[in-house]
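Below, chain A is the first sequence line, B the second, and so on; all start at residue 1. What you see is a predicted model; the values in this text were computed from it and never measured.
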Amino acid sequence: GNVFAFTGADIHGRFQRLQGNSVFEPMGFDAFGIHSENYALKVGGHPMRLIPQNIENFRRQLRRVGLMVDWKHELSTTDPRYYKWTQWIFLQLFKQGLAYKKKAAVNWCPNDKTVLANEQVENGLCERCGARVEQRLLEQWFFRITAYAERLLHNLEWIDWSESTKSAQRNWIGRSEGAEISFAIAEIDAPPIMVFTTRPDTIFGATYLVLAPEHPQLSALTTSARRDEIEAYRARTARQDVVSRKMGESAEKTGAFTGSYATNPATGERIPIWIADYVLMEYGTGAIMAVPGHDERDFAFAQAYGLPIVRVVAPDDLDASAPLAEAYAGEGRIVNSGMFDGVPVDEAKSRMTEWLVGLAAARPVVNFRLHDWTISRQRYWGPPIPIIYCDECGAQPVPEDELPVILPDIEDFRPDDTGISPLARYEEWYRVPCPKCGKLARRETDVSDTFLDSAWYFLRYPSANLDDVPFDPELTEKWLPVHSYIGGNEHAVLHLLYSRFITMVLHDMGHLTFEEPYTRFRAHGLIIRDGAKMSKSKGNVVNPDEFIERWGADTFRTYLMFLGPFEEGGDFRDAGISGVRRFLDRLWKSAHDARTSGSPDVGVMRKLHQTIRKVGEDTARLSYNTAIAAMMEYMNVLRASEREAHRAEVEPLVQLVAPFAPHMAEELWEHFGHARGVFESRWPAYDLALATVDEIELVVQVNGKVRGKIHVARDITREAAISLAQADAGIARFLNGPPRKIIFVPGRLLNIVV
RNA sequence: GCCCGAGUGGCGGAAUUGGUAGACGCGCUGCACUCAAAAUGCAGUGGCUUUCGGGCCAUGCGGGUUCGAGUCCCGCCUUGGGCACCA
């Protein structure tokens, strides 16, 4: 999978270079994080010793694949010269108030013994190890990514990215427009309940309120008669883990009555306040107005507890008093809602919000699904968060000129279950003077999330060898933002979202002139083998070393690109590679047998220019499989001419194939006597006159069915085509009757309707 | 349930705007070369039918628009991915 992605990017880079562009193709290693640390724990080694060995192996393999990488700019996120600046970035966010510490319910992986970001939890399971994630109340560092939610969403409209990736980000950010509505409490003296809804138009149908079991206002609203039941319900739901709670969509709705009532601001009616675990504290205000007539979940709950169900929306063809057998969430007109009766749903949303705002009972609100990014990790293998806690001065940033805070080389780095990092066991490391008052203080012992390391690495590449700045302004201006980024969609809501956020922050602080890190992003597809995605756990991986050994790097690269559209991936079948090898062998042979005497064949040269055009266009849009097919097709023409090919017919093909098979192309280029490498040359230009087909097979249809083909000049006129078609015996026999209509598409077809 | 994407021969896949469906490759069949095999080269290869000219049917299913639909529209089915008791 890695070789597939890198090769695809490399071909693009090499192609751009042949186009005469300056290309910077960097490579780096991101080896901080749980993944590497767990590996070290498993094999009983130390990451500081193991990582360099692994990197060496990767480097060897990547070189073998033939990537045009500028190794002088290689970087490693575990290098203090790099993570010094990762810590610097933390401090920039801290300065802006975008890094803050709070105690909150966070995702805790009991297996990896650390906190995880929301983005690292899939269906309640740790994306890394698959353990069930628990909720723990811990004090953690957060990045205020939610402050950028609107912009992260908005910019998706203009950045040139794969639609699938943009769609994943949109879903993740999860913007919804609605209103926060205030429900006053009836009878007792308590502050109102705020609810969030996207359907303010249905407020006349709100027959009860529901709070999340953890809602902070709950105890004030629980009557003494109900206290025992409420407490019992809370205890029962609190015990359930995240997974079983969230999988409850189809399960029965349960809840408990608080004993208190609120007033519906639209109807003035007294409605009961309940708690139920189908309302989540993490979203909106942690409370909802229940509209059982028009919300599936509310409907199920109302049925279970015998609460009133009122219709306030009716489809156009239905009576307002028609009973509801199930929640109706479709289009229609407002009913049973006083002066709003008859208003279409869409219009009612804004009109009713306005009305409620006028009553001081509501305000328009936009809610996001996106949460702030938890970046603390209670693990060893990461950059220490550069903060010092002082009893007098509080949390103090480490002064920038004291960076990096070096991760100490310690023997026992195993994580434990305390929610505290292993670094906290090393007093000699964490005891430091307060940077402000000088009194004895202690370092933050958590490290930062690996995704922070990779959220800015592209900025570092051009400046990889500079030690006094994270990224040099001039170099950054010259090379960034990244013009072409190719990656996997698994990073859509992780790396790709985080790096956009960090870039925006640095832009807003004046460190960058651009606010989006990657102007063009293309998600590559997945390699399938034996009917499944290639993965170590499925045991269907291919070792590149073996294939390169047997077939050569050029054949391996070209085959990977030939198996399907690059952006969709493909089916890796071991046998299929032989066809690509055959093609490269034939090219090798043709080049060596090429004659210089005589002149090239006109027909072959015509095909050559058509091929140059197609390969160029296809390669530019990452349609590598069709580019390769076009070269193969040309090779077939070259061979079918039953004579030795002329050098002029073969030489340009060497340049076309060079991005795919660079090693062989270099050899052949030298064979043709060039003193400089093939990548010093320019992509051959095609002659438009030659590349344009001048004679075509005009398709002749009768009543839309193909009845014949006539060989004609490309620019044949309608009249000439018609008379030629009528003269053709094979076609004429279908023309039984005078033509009623004739369609002529120049250069394409003629359709005679009789 | 909502949002993206995909369904085409035995297989992987082609078909810029509606205009010859199946390019290219694998596999398969036959032939040449060889003592033989491999490699290589040549020819054939969607299905059914045929008097060997051809004819009919075919792009997940059912409708529609059009002279003409893999491509556009409506309704489904299957499948990959994202989100999901998100109000």
Side-chain angles (χ1 to χ4, degrees), chain A residues 122-123 162-174 176 178 195-199 202 210 245-251 253 276-280 282-291 295-298 300-301 329 367-369 489-490 492-493 523 525-526 528 533 559 562-565 567-580 582-583 585-586 589 614 617-618 621 623 625-636 639-640 696-706 708-709 729-730 733 739-745 747-754:
Chain A
E122 288 173 358
N123 290 326
S162 294
E163 189 51 45
S164 56
T165 314
K166 294 208 268 190
S167 162
Q169 289 209 350
R170 277 193 200 102
N171 286 335
W172 185 259
I173 295 167
S176 46
V195 305
F196 174 72
T197 181
T198 54
R199 297 293 306 273
T202 62
V210 189
R245 254 190 91 169
K246 290 201 169 174
M247 298 307 264
E249 188 170 4
S250 57
K253 297 279 177 285
D277 65 351
Y278 80 91
V279 175
L280 309 174
E282 311 92 79
Y283 187 76
T285 60
I288 60 154
M289 63 174 208
V291 184
D295 181 281
E296 213 179 305
R297 296 150 301 172
D298 296 343
F301 190 80
N367 239 312
F368 293 94
R369 222 193 122 275
N489 245 346
E490 69 273 17
V493 299
L526 295 177
I528 305 294
K533 176 189 159 182
Y559 176 58
F562 186 59
L563 23 106
E567 293 178 61
E568 281 163 42
D571 202 341
F572 192 99
R573 284 165 318 113
D574 300 15
I577 196 170
S578 60
V580 168
R582 223 166 266 154
F583 161 66
D585 282 346
R586 286 166 182 171
K589 197 168 180 314
K614 177 155 176 63
E617 286 169 358
D618 287 1
R621 58 185 175 96
S623 183
N625 56 333
T626 55
I628 295 165
M631 289 188 278
M632 287 173 165
E633 206 178 320
Y634 177 63
M635 178 51 68
N636 290 342
R639 289 178 335 124
I696 55 153
E697 295 266 290
L698 186 76
V699 174
V700 182
Q701 297 183 338
V702 178
N703 292 339
K705 289 199 173 185
V706 179
K709 292 159 196 179
R733 62 200 184 90
R740 286 192 292 134
K741 188 173 179 183
I742 295 176
I743 290 105
F744 177 65
V745 184
R748 287 263 185 204
L749 64 57
L750 179 71
N751 187 9
I752 303 171
V753 186
V754 294

Report, one pair per line, the protein and nucleotides 67-69 of chain B atoms (nitrogen or oxygen only) whose separation is under 3.5 Å.
residue, atom, partner, partner atom, Å
rC67(B), OP1, K741(A), NZ, 3.1
rC67(B), O2', N751(A), ND2, 3.4
rC67(B), O2, N751(A), ND2, 2.3

List every contact pair, protein side and nucleotides 2-12 of chain B side both N or O, where the distance is under 3.5 Å.
residue, atom, partner, partner atom, Å
rG12(B), O2', L563(A), O, 2.7

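In terms of heavy atoms, M632(A) sits closest to F562(A) at SD-CZ, 3.8 Å. The heavy-atom pair separating S176(A) from F196(A) by the smallest distance is O-CZ, 3.8 Å. When all heavy atoms are compared, the tightest approach of V210(A) to A290(A) is CG2-CB, 4.3 Å. Heavy-atom minimum distance, I288(A) versus V195(A): C-CG1, 3.5 Å.
A donor-acceptor pair is defined here as one N or O able to donate and one able to accept, closer than 3.5 Å; such a pair exists between the side chain of Q169(A) and the backbone of A492(A). Judged by distance alone, with hydrogens and angles left aside, the side-chain atoms of N751(A) form a donor-acceptor pair with the main-chain N or O of G704(A) at under 3.5 Å. A donor-acceptor pair is defined here as one N or O able to donate and one able to accept, closer than 3.5 Å; such a pair exists between the side chain of R369(A) and the backbone of W172(A).
Taken from CD1 in I752(A) to CD1 in I742(A), the straight-line distance is 5.5 Å, to the nearest 0.5 Å. The OH atom of Y559(A) lies 16.0 Å from the CZ atom of F583(A); values are rounded to the nearest 0.5 Å.
Close to rG41(B), at under 4.0 Å from its OP1 or OP2, lies no side-chain N or O of R582(A). Proximity of R586(A) to the phosphate of rG41(B): a side-chain N or O atom is located under 4.0 Å from OP1 or OP2. For the pair R621(A) and rU16(B), the criterion of a side-chain N or O lying under 4.0 Å from OP1 or OP2 is not met. The side chain of K705(A) contributes an N or O atom lying less than 4.0 Å from OP1 or OP2 of rC57(B).
Across all strands shown, rC85(B) forms no Watson-Crick or G-U wobble pair with both key distances under 3.5 Å. For rA69(B), there is no paired nucleotide, since no Watson-Crick or G-U wobble pair has both relevant distances below 3.5 Å. Remark: rG30(B) base-pairs with rC42(B); criterion is Watson-Crick or G-U wobble with both hydrogen-bond distances under 3.5 Å. Of all nucleotides present, none satisfies the Watson-Crick or G-U wobble test against rU51(B) with each distance under 3.5 Å. With a cut-off of 3.5 Å on both pairing distances, the Watson-Crick or G-U wobble partner of rG7(B) is rC77(B). Pairing of rA58(B), defined by two Watson-Crick or G-U wobble distances under 3.5 Å, is not identified with any nucleotide. Figure legend. rG12(B) is base-paired to rC24(B); pairs are counted as Watson-Crick or G-U wobble with both atom distances under 3.5 Å.
Rounded to whole Å, the distance from CZ on R369(A) to P on rG82(B) is 13 Å. In this structure, CD of E490(A) is placed 10 Å from P of rG82(B), rounded to the nearest angstrom. We find that CG of D277(A) is positioned 12 Å from P of rC85(B), with the value rounded to whole Å. For E296(A) and rA84(B), the CD to C1' distance is 12 Å, given to the nearest whole Å. The distance from atom CE of M289(A) to atom P of rC86(B) is 15 Å, rounded to the nearest whole Å. Rounding to whole angstrom units, NZ of residue K253(A) and C1' of rC85(B) are separated by 5 Å. Across the protein-nucleic acid pair, M635(A) atom CE and rG25(B) atom C1' stand 15 Å apart, rounded to whole Å. Going from atom CD1 of I288(A) over to atom P of rA87(B) covers 11 Å, rounded to whole Å.
Among rA15(B), rA84(B), rG27(B), the nucleotide with an atom closest to any side-chain atom of T626(A) is rA15(B). Distance from the side chain of V699(A) is smallest to rU20(B) among rG13(B), rU20(B), rC26(B).
Using atom P as the reference point in both rG47(B) and rG22(B), the two lie 14 Å apart (nearest Å). Rounded to whole Å, the separation between the P atoms of rA38(B) and rC48(B) comes to 29 Å. A gap of 14 Å separates the C1' atoms of rC24(B) and rG9(B), to the nearest Å. Between the C1' atoms of rG63(B) and rC11(B), the separation comes to 32 Å (whole Å). For rA21(B) and rG46(B), the C1' atoms lie 10 Å apart once the distance is rounded to whole Å. For the C1' atom pair drawn from rA14(B) and rU59(B), the interatomic distance equals 12 Å after rounding to whole Å. Distance check on atom P: rG82(B) versus rC73(B) gives 27 Å, rounded to whole Å. The C1' atoms of rG70(B) and rU16(B) are separated by 15 Å, rounded to the nearest whole Å.
Nucleic acid contact class of A168(A) (heavy atoms, under 4.0 Å, all strands): sugar-phosphate only. Contact annotation for D298(A): no contact, since no heavy-atom pair falls under 4.0 Å across all strands. Heavy atoms of N367(A) sit nowhere under 4.0 angstrom from any nucleic acid atom. Counting non-hydrogen atoms under 4.0 angstrom, R740(A) reaches nothing in the nucleic acid.
Cation-pi contact between K253(A) and F301(A): absent, since separation from the ring centre below 6.0 Å together with deviation from the ring axis within 45° is not met.
Two residues are said to be in side-chain contact when any heavy atoms from C-beta on lie closer than 4.5 Å; F572(A) and I528(A) fail this criterion. By the 4.5 Å heavy-atom criterion applied to side chains, F744(A) and L749(A) are not counted as neighbours.
In this structure rG9(B) sits in the syn conformation; its chi angle is within 90° of 0. With its glycosidic angle within 90° of 0, rG53(B) is assigned syn.
Using a 3.5 Å distance cut-off with no hydrogens or angles, the side chains of S167(A) and S164(A) do not pair a donor with an acceptor.
The residue among T285(A) and N489(A) whose nearest nucleotide of RNA chain B lies closer to the 5′ end is N489(A).
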